[in-house]
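These numbers come from the heavy atoms of this one structure, side chains and all, not from hydrogens, waters or symmetry mates. Chain identifiers are assigned alphabetically (A, B, ...) following the order of the sequence lines, protein sequences preceding nucleic acid strands; residue numbering begins at 1 within each chain.
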Amino acid sequence: MADEKESLNFIEQIIEEDLASNKHGGVVITRFPPEPNGYLHIGHAKSICLNFGVAQKYGGRTNLRFDDTNPVTEDTEYVDSIKADIRWLGFDWDDREYYASDYFPQLYEWAIKMIESGKAYVDDSTAEEIAGSKGTPTEPGKESPYRQRPEEESLDLFKRMRAGEFPEGTRVLRAKIDMTSPNMHMRDPVMYRIKFAHHHRTGDTWCIYPMYDFAHGQSDSIEKVTHSLCSLEFENHRPLYDWFIQALDIYPSRQIEFARLNVEYMLTSKRKLLRLVNEGFVRGWDDPRMSTISGMRRRGYTPASIRAFADRVGIAKRENVIEFSLLEYCVREDLNKIASRVMAVLDPLKMVITNYPAGQTEYLPTENNPEDPDAGLREIPFGKELYIERDDFLEDPPKKYFRLAPGKMVRLKSAYIVECTDVIKDASGIIQEIHVRYFPESKSGNDTSGIKVKGTIHWVAATKALDCEVRLYDRLFTVPNPSDDPQRDFTEFYNQESLQVIKHAKVEPGVATASLRQSFQFLRKGYFTLDPDSSAERLVFNLTVTLKDTWAKMAAKEQPA
RNA sequence: UGACCCAUGGUGUAACGGUAGCACUCCGGAUUUUGGUUCCGUCAGUCAAGGUUCGAAUCCUUGUGGGUCAACCA
């Protein structure tokens with residue numbers, strides 16, 4: 001075994017240094033902290049893989065902690081879907097399912113401690129007044145007239161806020177830091193606000209709720225999180241994160257920021273994803289075109305492929321946009337190893353073998369997966385009438401076309417070599433069916449015909465094939481970064497052809513017993529998975545990703561539009 | 001006209017003062033009863049200018065370019 005040194009990302013480097021210096025007693029604790037106000041998407045997947053992955057790697061633990069400090073937007077519905085998505089991705093938090101709301105009593109105590117030590121005060125200003133005196137990034141803010149109010153008075157007011165004596169918006173608790181700080185977050189940030197809202201867990205116990213900045217770091221600290229990994233936009237919050245930890249003299253978790261994931265043609269904004277759903281661009285949160293975990297699951301992406309993707313995109317602080325092709329590569333890589341091969345014709349063209357006995361059905365063995373010898377063989381029916389892919393026949397083929405054409409021969413995969421003898425068209429010139437003759441001695445496995453053909457095509461037996469629906473998906477937008485243009489709304493780049501429904505595709509009979517989540521490779525076409533819309537009478541398949549198609553690429557190059 | 005952060009092939013990411021590597025993409029070739037897979041190969045990079053050093057992608061300075069911050073959101 002070669003001892004090539006594994007390259008670490010900058011977070012792993014920090015962790016290894018901390019481990020080496022025994023900073024946390026050899027322990028690594030991370031956390032994944034979603035707010036239960038929406039569905040998880042591909043960006044969260046990166047964070048999940050990072051947080052759980054790094055803890056796993058160093059023998060540590062990862063807590064699942066719901067950041068539920070804003071009751072008006074949060075709901076248990078999201079808690080459930082988030083948990084399901086994380087589990088599906090292949091990670092486990094054992095019994096460490098925490099909620100920021102579990103810490104409300106402790107947070108309240110700490111707030112009181114802050115007031116008592118003169119580090120926090122109740123401000124009677126309105127939201128507008130507070131915003132107005134905040135200053136701008138280049139101008140210092142002004143101190144609130146309530147800033148110097150006696151501690152006892154703040155304490156009394158804060159307790160009465162908690163007791164529900166004041167209406168929403170009338171008072172807040174603020175940290176007393178520095179209104180002239182160049183860092184806006186240090187200009188006396190709000191710690192608590194009044195909200196008479198029903199909380200999904202604490203019900204009506206509270207009418208004051210802590211802000212993110214007075215909850216997140218504290219929650220990390222309570223859980224003794226050693227490395228609190230978050231995205232770049234929280235970089236400016238770090239001084240405040242550290243300030244509270246110091247002021248409270250509590251366990252010093254360390255916040256480390258990394259660049260969030262951006263992927264071409266994919267959105268990772270809850271707001272925008274919500275608009276796609278609400279405005280009917282997609283059928284729901286789990287539409288296979290969505291970048292949500294649930295959408296990708298329905299699309300047929302596997303947990304392993306998403307984990308591989310998260311691994312390959314890397315961790316750094318630089319803004320990035322990952323090419324969509326990398327995601328596609330990761331799915332194909334996984335599915336190629338595990339997906340059973342299946343004969344399916346998406347755009348059927350009837351083929352009649354004129355010299356094959358009518359009414360005869362032959363069962364031919366074919367491999368389930370050439371990449372996996374253990375996958376074994378299955379038998380597929382063959383008969384006089386078949387369906388082949390319409391674009392596997394061309395009346396007037398270009399030079400390097402290896403498929404069927406008048407007078408040309410091809411191999412029918414796992415069956416016989418056929419030669420095209422006739423083309424039957426309707427009055428308008430549309431090809432109705434093609435006639436071929438087959439060579440009995442060219443049977444797959446014991447071909448004694450001596451005939452050499454360049455092309456092999458897939459097929460299904462007309463009388464045995466199952467009729468099914470196939471949904472083909474393409475990128476949701478016509479441009480890689482639909483949010484880039486400030487002049488145009490991202491929905492203007494919606495790809496009208498992102499969904500194409502094929503009502504009557506033909507698939508070999510064996511897939512009748514397919515189960516949900518099972519992936520297939522439709523030979524020469526792509527990877528497909530069963531959609532939950534399927535019923536016993538009617539199968540519905542989703543395209544996960546096409547196979548690479550070098551012929552299409554060649555053809556496109558030689559005849560540029 | 002502030003603070004903080006970032007800058008390596010087309011894309012993403014390594015190299016921690018000593019030969020700029022890996023993956024994806026692209027292109028070419030071999031194999032192939034999937035124009036798939038696999039295998040081989042080619043092209044291609046340190047934002048700029050100074051400085052420190054025997055030696056700089058790496059350290060320093062100044063520019064340039066990009067990102068974030070002015071919610072009682074997270």
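The same atom, P, is picked in B/rU42 and in B/rG28; the two are 15 Å apart, to the nearest Å. Distance noted for atom P between B/rU11 and B/rC26: 15 Å (whole Å). Nucleotides B/rG29 and B/rA14 are separated by 35 Å at their P atoms, to the nearest Å. Comparing the C1' positions of B/rA23 and B/rA44 gives an interatomic distance of 15 Å, to the nearest angstrom. If you take atom P in B/rC72 and the same atom in B/rG12, they sit 35 Å apart, rounded to whole Å. For the C1' atom pair drawn from B/rC39 and B/rU31, the interatomic distance equals 8 Å after rounding to whole Å. Atom name C1', nucleotides B/rG66 and B/rC59: the rounded distance is 23 Å, in whole Å. The C1' atoms of B/rA15 and B/rG45 are separated by 13 Å, rounded to the nearest whole Å.
Counting only distance, with no hydrogens or angles, the side chain of A/R254 and the backbone of A/V225 share no donor-acceptor pair below 3.5 Å. Counting only distance, with no hydrogens or angles, the side chain of A/E223 and the backbone of A/D220 share no donor-acceptor pair below 3.5 Å. Judged by distance alone, the side chain of A/E168 and the main-chain N or O of A/F196 form a donor-acceptor pair under 3.5 Å.
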Pull out every protein N or O sitting under 3.5 Å from an N or O of nucleotides 42-44 of chain B, one pair per line with the distance.
none

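In terms of polar N and O atoms assigned as donor or acceptor, the side chain of A/E371 comes within less than 3.5 Å of the base of B/rG36 in a complementary pairing. For a distance-only test at 3.5 Å, the side chain of A/R411 qualifies as a donor-acceptor partner of the base of B/rU33. At a cut-off of 3.5 angstrom, counting only N and O atoms as typed in the model, there is a donor on one side and an acceptor on the other between the side-chain of A/H237 and the base of B/rA74. One can find a donor-acceptor pair under 3.5 Å joining the base of B/rU68 and the side-chain atoms of A/N236.
The aromatic ring of A/Y212 does not sit over the base of B/rA74; the criterion of centres under 5.5 Å apart with planes under 30° is not met.
Taking the side chain of A/F402 as heavy atoms from C-beta on, and the options B/rA74, B/rG35, B/rA71, the nearest nucleotide is B/rG35. Proximity note for A/A127 (side chain, C-beta onward) versus B/rC72, B/rU34, B/rG35: the nearest is B/rC72.
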Fill in: Heavy-atom protein contacts under 4.0 Å, nucleotides 9-25 of chain B, coded B base, S sugar-phosphate only, - none
-BSSBSSB------SBS
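Residue A/P140 is out of contact with every strand shown, counting any heavy-atom pair closer than 4.0 Å. Within the nucleic acid shown, A/T366 has no heavy atom closer than 4.0 Å to any nucleic acid atom. Counting any heavy atom pair closer than 4.0 Å across all strands shown, A/F234 reaches a base atom. Among the protein residues, A/T69 comes within range of the sugar-phosphate backbone only, with heavy atoms under 4.0 Å from sugar or phosphate atoms but none that close to a base. Using a 4.0 Å heavy-atom criterion, one finds that A/R187 contacts no nucleic acid atom at all. A/Q521 comes within 4.0 angstrom of a nucleotide base, judged by non-hydrogen atoms across all strands.
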Discussion item. I'd like to know whether A/L173 forms a side chain to side chain contact (heavy atoms under 4.5 Å, CB included) with A/V190, so could you lay out the CA-CA distance, the side-chain angles of the two residues, the decisive distance to 0.1 Å, and finally the verdict.
Written reply: CA-CA 6 Å; A/L173 182 69; A/V190 173; over 6 Å; no
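Of the candidates A/F104, A/Y103, A/Y192, A/F104 is the only one forming a ring-ring contact (aromatic ring centres under 6.0 Å, His included) with A/Y209. When A/E74, A/E35, A/K83 are each tested for a side-chain contact (heavy atoms from CB on, under 4.5 Å) with A/F66, only one passes: A/K83.
The nearest whole Å value for the distance from the CG atom in A/L346 to the C1' atom in B/rU34 is 14 Å. For the pair A/E367 CD and B/rU32 P, the interatomic distance rounds to 14 Å; values are reported in whole Å. Atoms CZ (A/R238) and P (B/rG67) sit 21 Å apart, rounded to a whole Å. Per the geometry, NE2 belonging to A/H44 stands 14 Å off P belonging to B/rA74, to the nearest Å. A/N37 has its CG atom 14 Å from the C1' atom of B/rA71, to the nearest Å. What separates CE of A/M211 from P of B/rA70 is a distance of 11 Å, to the nearest Å. As rounded to whole Å, 19 Å separates atom P of B/rU33 from atom CG of A/N368. Look at NE2 on A/H185: it is 16 Å from P on B/rA3, rounded to the nearest Å.
You'll find the ring centres of A/Y438 and A/Y416 inside the 6.0 Å limit. For an aromatic pair to be called close, the ring centres must be under 6.0 Å apart, and A/Y121 with A/F158 fails this. Here the two rings, on A/F214 and A/W110, have centers that are 6.0 Å apart or farther.
Of the N and O atoms on the side chains of A/S340 and A/N368, not one donor lies less than 3.5 Å from an acceptor on the other residue. For A/S81 and A/D85, the side-chain atoms include no donor-acceptor pair closer than 3.5 Å. Counting only N and O atoms by type, the side chains of A/K413 and A/T366 include no donor and acceptor under 3.5 Å apart.
If you check residues 444-460 of chain A against RNA chain B, the residues with a heavy atom closer than 4.0 Å are A/S444, A/G445, A/T456, listed by number.
Closest approach of A/M179 to A/S133, counting heavy atoms only: CE-O, 3.4 Å. Nearest heavy-atom pair, A/G38 versus A/I82, reported as atom, atom and distance to 0.1 Å: O-CD1, 3.9 Å.
Residues A/L412 and A/I194 each lie close to RNA chain B; by heavy-atom proximity, the contact nearer the 5' end of the strand is made by A/L412. Each of A/A131 and A/Y401 has a nearest nucleotide on RNA chain B; the 5'-most of these lies closest to A/Y401.
Of the side-chain N and O atoms in A/R193, one or more sit less than 4.0 angstrom from OP1 or OP2 of B/rC73. Within the structure, a side-chain polar atom (N or O) of A/T550 is placed less than 4.0 Å from OP1 or OP2 of B/rG36. Contact annotation: A/T138 side-chain N/O to B/rA70 OP1/OP2 distance is not under 4.0 Å.
Under the 4.0 Å criterion applied to side-chain N and carboxylate O atoms, A/E333 and A/R312 are assigned as salt-bridge partners.
Scanning for ring pair (Phe, Tyr, Trp, His ring centres under 6.0 Å) contacts around A/F393 gives an empty result, with sequence neighbours left out. Partners of A/Y78 by ring pair (Phe, Tyr, Trp, His ring centres under 6.0 Å), not counting sequence neighbours, listed by chain and number: A/Y39.
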Discussion item. Just to be sure I follow the notation: if a pair is Watson-Crick (purine N1 to pyrimidine N3 plus N6-O4 or O6-N4) or a G-U wobble (N1-O2 and O6-N3), each under 3.5 Å, what dot-bracket string does RNA chain B give, with | for pairs to another strand?
Written reply: .((((((..((((....[..))))..((((.......)))).....(((((..]....))))))))))).....
